[in-house]
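A note on names: the letters A, B, ... follow the listed sequences, proteins ahead of strands, and every chain is numbered from 1. Worth knowing before you read on, the calculation uses all heavy atoms, side chains too, and leaves out hydrogens, waters and symmetry mates.
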Amino acid sequence: MMVFETSKANAILTILQGCNNLTRLKKIQAHVIVNGLQNHPAISNSILNFCAVSISGSLAYAQHLFKHIQNPQTQAWNSIIRGFAQSPSPVQAIFYYNRMLFDPVSGPDTFTFSFTLKACERIKALKKCEEVHGSIIRTGYERDVVVCTGLVRCYGGNGCVEIARMVFDNMPEKDLVAWNAMISCYSQAGYHQEALRIYDNMTNENVGVDGFTVVGLLSSCSHVGALNMGVKLHRIASEKGLLRNVFVGNALIDMYAKCGNLDGALEVFNGMPRDMFSWNSMIVGFGVHGFGDEAIYFFNQMLEAGVRPNSIAFLGLLCGCSHQGLVEEGVEFFHQMSSKFNVKPGIKHFGCIVDMYGRAGKLEKALKIIGDSPWQDDPENLNCIHGHDHSESTAKPKSLKQDEISNKFSKIMYLCFGAFLSRSPFEFAKLLVACWLFKPDITVVLG
DNA sequence: TTAGGGTTAG
């Protein structure tokens, strides 16, 4: 067994705790080597952990250090797994976990499982999650509240809501974080009633409520239009002093806006610190309710506050312009998106403009926008225009020919709808005939 | 002795 000089080791550990950059760390490391402490477990772990986890560290350097550790202990494995789990390439964390399983000396512990599950959650590795779950049961860690919360999140994030619930139900003790994980699992999977029901269970169990609980529940309220519950959560947030929490504030704005209570949204907005989400929620909230002028007002205020607009801000803005009939303004913003703000218009932005022209009775222009869009031949185009984005759907596509036909048919139908809205009987009649004849090239009809 | 959680998209 190696004997280290305790006073020197402690002194170096203290210095390491205060270290905040890689250059300084390398200097300390030289000092460690001079004093023969490079194999001191706490010191080598501390150095490795800093490189792997700290923002000012370096995962590449951590990998280099790890390679030179002769018999890495569990803590060293954990550092490298944790570092990769939170890095842009979480899959590397899984590689290290797999390698660790062949280590005859250092086995996984609660920390290993926790970090590995995080990586599985981030890369949506359901199979690996199930495998890790098996190891958790075999090694007797299935009673650990943090590990189980990781499992709930990982299964939930992979769409296995029922398994997540099973893990949750089998937890011997559930703390507030575990309950919150179950709420957000339901909420993100679209099981909003179940998410709201969890709140009743929490009340019975007396686990309390924090900002995470409120945000998860409010998100579900927004989706199902549960204004009463939203107002109740607003009161709870106020009682708990959570109204200056920007996440809570944003979730409240969104809830009030989605439930149609724009005054409520404005009141929350006026009393909180703001970020990009807050501005976007106001712009989208007013925009979708047809208040184009207000959407433009908040957009300009956002620019004045120095917040850069993203694609969602423009979506709300264009939607507001479309619903209020602000055609010139809408077109101007649509052009400014890329020319002034460097935001590439997506399929939904094109859909807004088509909708705007359609409502204004400018059907040729609407058709031209479809023709000029990068998705003119994309079967998903019309889905977007009708407000359903299936771009991430995993459903099998129909045959191309069938898509092509239904796409063009839908285009005509859509324009028909626009003509109907704009009370242009002639256009409407012309397009109805087109539908009836089912001409594939509708430009002939309109030209 | 190194852990787990949150919001916006017609």
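Applying the ring-ring contact (aromatic ring centres under 6.0 Å, His included) test to every pair with at least one member in residues 43-63 of chain A, sequence neighbours left out, gives these pairs: Tyr61(A)-His64(A).
For Val146(A), the listed nucleotide lying nearest its side chain is dG4(B); candidates were dG4(B), dG6(B), dT8(B). Listed candidates were dG6(B), dT1(B), dG4(B). Nearest to the side chain of Ala178(A) is dG4(B). Of all nucleotides listed (dT7(B), dG6(B), dT2(B)), dT2(B) comes nearest to the side chain of Asp109(A). Closest to the side chain of His323(A), from the set dG10(B), dT7(B), dG4(B), is dG10(B). Between dG6(B), dA9(B), dG4(B), one nucleotide has an atom nearer to the side chain of Lys118(A) than all others, and that is dG4(B). Side-chain atoms of Phe247(A) lie closest to dG6(B) of the nucleotides dG6(B), dT8(B), dT2(B).
Note on Asp210(A): a base of the nucleic acid sits closer than 4.0 angstrom, heavy atoms only. Among the heavy atoms of the strands lying under 4.0 Å from Gly211(A) is at least one base atom, whether or not backbone atoms are also near. Nucleic acid contact for Val152(A): none, since no nucleic acid atom lies under 4.0 Å from a heavy atom of the residue. In this structure, Lys258(A) reaches the sugar-phosphate backbone alone: every heavy-atom distance under 4.0 Å involves primed, P, OP1 or OP2 atoms, never a base. Across all strands shown, Thr110(A) has heavy atoms under 4.0 Å from base atoms, whether or not it also approaches the sugar-phosphate. Across all strands, Asn280(A) comes closer than 4.0 Å to base atoms (heavy-atom distances). Within the nucleic acid shown, Val177(A) comes within 4.0 Å of at least one base atom, counting heavy atoms only. At the heavy-atom level, Val214(A) lies nowhere under 4.0 Å from the strands shown. Within 4.0 Å of Phe115(A), counting heavy atoms only, lies at least one base atom of the nucleic acid. Among the atoms of the strands shown, base atoms are found under 4.0 Å from some heavy atom of Asp144(A).
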Check: residues 200-208 of chain A side-chain donor-acceptor pairs under 3.5 Å, at least two apart:
| from | atom 1 | to | atom 2 | distance (Å) |
| --- | --- | --- | --- | --- |
| Thr203(A) | OG1 | Tyr199(A) | O | 2.7 |
| Asn204(A) | ND2 | Asp200(A) | O | 3.4 |

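In this structure, Glu294(A) places its CD atom 19 Å from P of dG10(B), rounding to the nearest Å. Between Asn49(A) atom CG and dA3(B) atom P there is a gap of 8 Å when expressed in whole angstrom units. Across the protein-nucleic acid pair, Ile312(A) atom CD1 and dG10(B) atom C1' stand 13 Å apart, rounded to whole Å. Distance Gln324(A) CD to dG10(B) P: 19 Å, rounded to the nearest Å. The CZ atom of Phe113(A) sits 15 Å away from the C1' atom of dG4(B) (whole-angstrom rounding).
Residue Ser311(A) has no polar side-chain atom (N or O) positioned under 4.0 Å from OP1 or OP2 of dT8(B). Checking the phosphate oxygens (OP1, OP2) of dA9(B), no side-chain nitrogen or oxygen of Lys348(A) falls inside 4.0 Å.
Of the residues in residues 65-92 of chain A, Gln75(A), Asn78(A), Arg82(A) come within less than 4.0 Å of DNA chain B through at least one heavy atom, sorted by number.
Ser238(A) places no side-chain N or O within donor-acceptor distance of the main-chain N or O of His234(A), the cut-off being under 3.5 Å.
With hydrogens and angles left out, the side chain of Asn250(A) and the base of dG6(B) share no donor-acceptor pair within 3.5 Å.
Side-chain contact annotation: Asn49(A) with Ser46(A), donor-acceptor N/O pair under 3.5 Å absent.
Between atom CG of residue Asn10(A) and atom NE2 of residue His40(A) there is a gap of 7.0 Å, rounded to the nearest 0.5 Å.
Checked against side chain to side chain donor-acceptor pair (under 3.5 Å), Arg235(A) has no partners two or more places apart in sequence or in another chain. The salt bridge (charged side-chain N to carboxylate O under 4.0 Å, His left out) check on Glu131(A) picks up Lys128(A), with sequence neighbours excluded. Remark: Glu130(A) engages Lys127(A) in a salt bridge (charged side-chain N to carboxylate O under 4.0 Å, His left out) (not counting sequence neighbours).
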